Amino acid sequence: MEINITKGNVDIIAVSGSIDALTSSELVKTLNDHIHDGHPNVIVDFGKVEFMSSAGLRAILASVKEARAAGGDFRLASPQPGIDKVLKMAGFYNIVKIYPTVEEALASFG
Amino acid sequence: MAEKPRIALVVGSGSVKCAAALGLWKALDHEGIPIDMLVGCSGGSIYASTMSLGFSLDECIEYTQTLWNEKVTNEKNWRAMLSAVFPKMFKFGHDFGMISDRQMMKNLHQVFGDKTFADTKIPLTIMTTDFYTGEQVPLSSGKIVDAIRASIAIPFIWSAHRVGDRVLIDGAASNPMPVDIAIKEGAEVILAMGFQAPLPSKVRSVSRYAFHINGIMTNNLYQSNFAFHNAVHHAEIIPIFPDFERSIRLFDTDQIPYAIEQGEKATQEQIPYIRKLLNL
């Protein structure tokens, strides 16, 4: 798994590879550190995420909670079809704002 | 995670699509990855049972084609249908089901005979639902024929099945993808293969109507259970959701080879991660 952060009005955190039991703690740490570093609004670009297990889903939940507790929001962008299926099955569309593209996610912050 | 985590395969409800589990089995077998326990629900109980009894892949394919074909729906249960119209005269009760189970029982006996859970090579649990209380009833003892028959008792279609002192129906009515059973039995890595019921755009018969309503409820229950278990448990749940570009209906048994192929493909994509997780 690789994580790249692009700074802007709203920071974009691009994740690539697999988010699973072996990598999820690194993702949670990076996201939470970033949120507590004064960036409660984040867009996580899932365009290059290839696989996500239950540990990955729990990582998203943990960071969504952190972002909202810090007064911001965690929004997810451009999940690929396989990942999108898992997000839908796990009910994430009901609790997290998910957008087809990073541009739409950026626009959602106004 | 333990040095050699316990690995479970959970095959959820999904009729013919559940044959994809044989593709998953094939991919794991090719890699020498052993399964420590099997859990099946509804259509998935057929495949989980054949695998747990140690049948070869070819035998599994042959047996499931014997078990699950259009013949099992040919004989209508006219007495039950009359009981729906004249409940007192024809004694309406929990044995209501529009299709007779005679052919289904014959097929099940042909494949499983008197085999019991004690005959399995890999521990097996089959999910069913108590018709009267709605409770989840996981079965792991007794005759396999009875457990499968109860687990596939699709509401309205096949009647409930008595096992011991309980009247049981389709496991999908309470737990269409029972990953919780694997968690409870101590599995640390769970391969979860599940399927959404297809919802047709046109509903032109009573039986289709029943399937449709049943499908809506099962799909929502499936998603809720999947979301809950993913969010709150420590176990690593690896979702294996094969892509089906073709439409596969309840008795499209000619699509079994395609379902197996897609199941194998979906599993192969996860093999590197599974190997890493199992320290192989």
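First the proteins, then the strands, lettered A, B, ... as listed; each starts at 1. Remember, it's a predicted structure, so these values are computed and weren't measured experimentally.
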Check your understanding: When rounded to the nearest 0.5 angstrom, what is the spacing between CE in A/Met89 and CE in B/Met177?
Key -> 6.0 Å

Practice item. Count the heavy atoms belonging to other residues, nucleotides or ligands that lie under 6.0 Å from NE2 of B/His30, then report whether that count exceeds 12. Key: no

**Study point:** Part of B/Pro242 lying under 4.5 Å from any heavy atom of chain A
**Key:** backbone

**Study point:** Any donor-acceptor N/O pair, A/Ser54 side chain to B/Ala235 backbone, under 3.5 Å
**Key:** yes

Review point. What do you reckon, is NZ of B/Lys265 surrounded by more than 12 foreign heavy atoms closer than 6.0 Å?
Key: no

Review point. Is there side-chain contact between B/Glu269 and A/Glu50, with at least one heavy-atom pair below 4.5 Å?
Key: no

Practice item. Please look at B/Tyr222 and chain A and tell me whether the side chain, the backbone, both or neither of the residue comes under 4.5 angstrom of a heavy atom of that chain. Key: side chain

Point to revise | A/Tyr93, OH: over 12 other non-hydrogen atoms inside 6.0 angstrom | key: yes

Revision key, fill the gap. Output for pair (B/Ile274 CD1, A/Ser53 OG), nearest 0.5 Å, gives 11.0 Å

Revision key, fill the gap. Note: vs chain B, highest number of non-hydrogen pairs under 4.5 angstrom among A/Asp20, A/Val86, A/Leu57 is A/Asp20

Point to revise | Gap between atom CD of B/Glu236 and atom CZ of A/Arg58 - 0.5 Å precision | key: 6.5 Å

**Study point:** Greater than 12 external heavy atoms within 6.0 Å of A/Arg68's CZ
**Key:** yes

Review point. So how far is it from B/Asn230 CG to A/Met52 CE, rounded to the nearest 0.5 Å?
Key: 9.0 Å

Check your understanding: So what's closer than 4.5 Å to chain B heavy atoms on A/Leu61: side chain, backbone, both or neither?
Key -> side chain

Practice item. Sort B/Asp243 into side chain, backbone, both or neither according to what part of it lies under 4.5 angstrom from a heavy atom of chain A. Key: both

Review point. Among B/Phe226, B/Phe241, B/Tyr273, which has the most heavy-atom pairs under 4.5 Å with chain A?
Key: B/Tyr273

Practice item. Might you point out which heavy atoms bring A/Gly91 and B/Ala227 nearest each other, and give the distance in Å? Key: N-CB, 4.3 Å

Practice item. Show your reasoning for whether side-chain contact (heavy atoms from CB on, under 4.5 Å) applies to B/Gln270 and A/Phe51. Key: CA-CA 8 Å; B/Gln270 309 310 336; A/Phe51 170 71; 2.9 Å; yes

Practice item. State whether the number of non-hydrogen atoms from other residues, nucleotides or ligands found under 6.0 Å of B/Phe156 atom CZ is greater than 12. Key: no

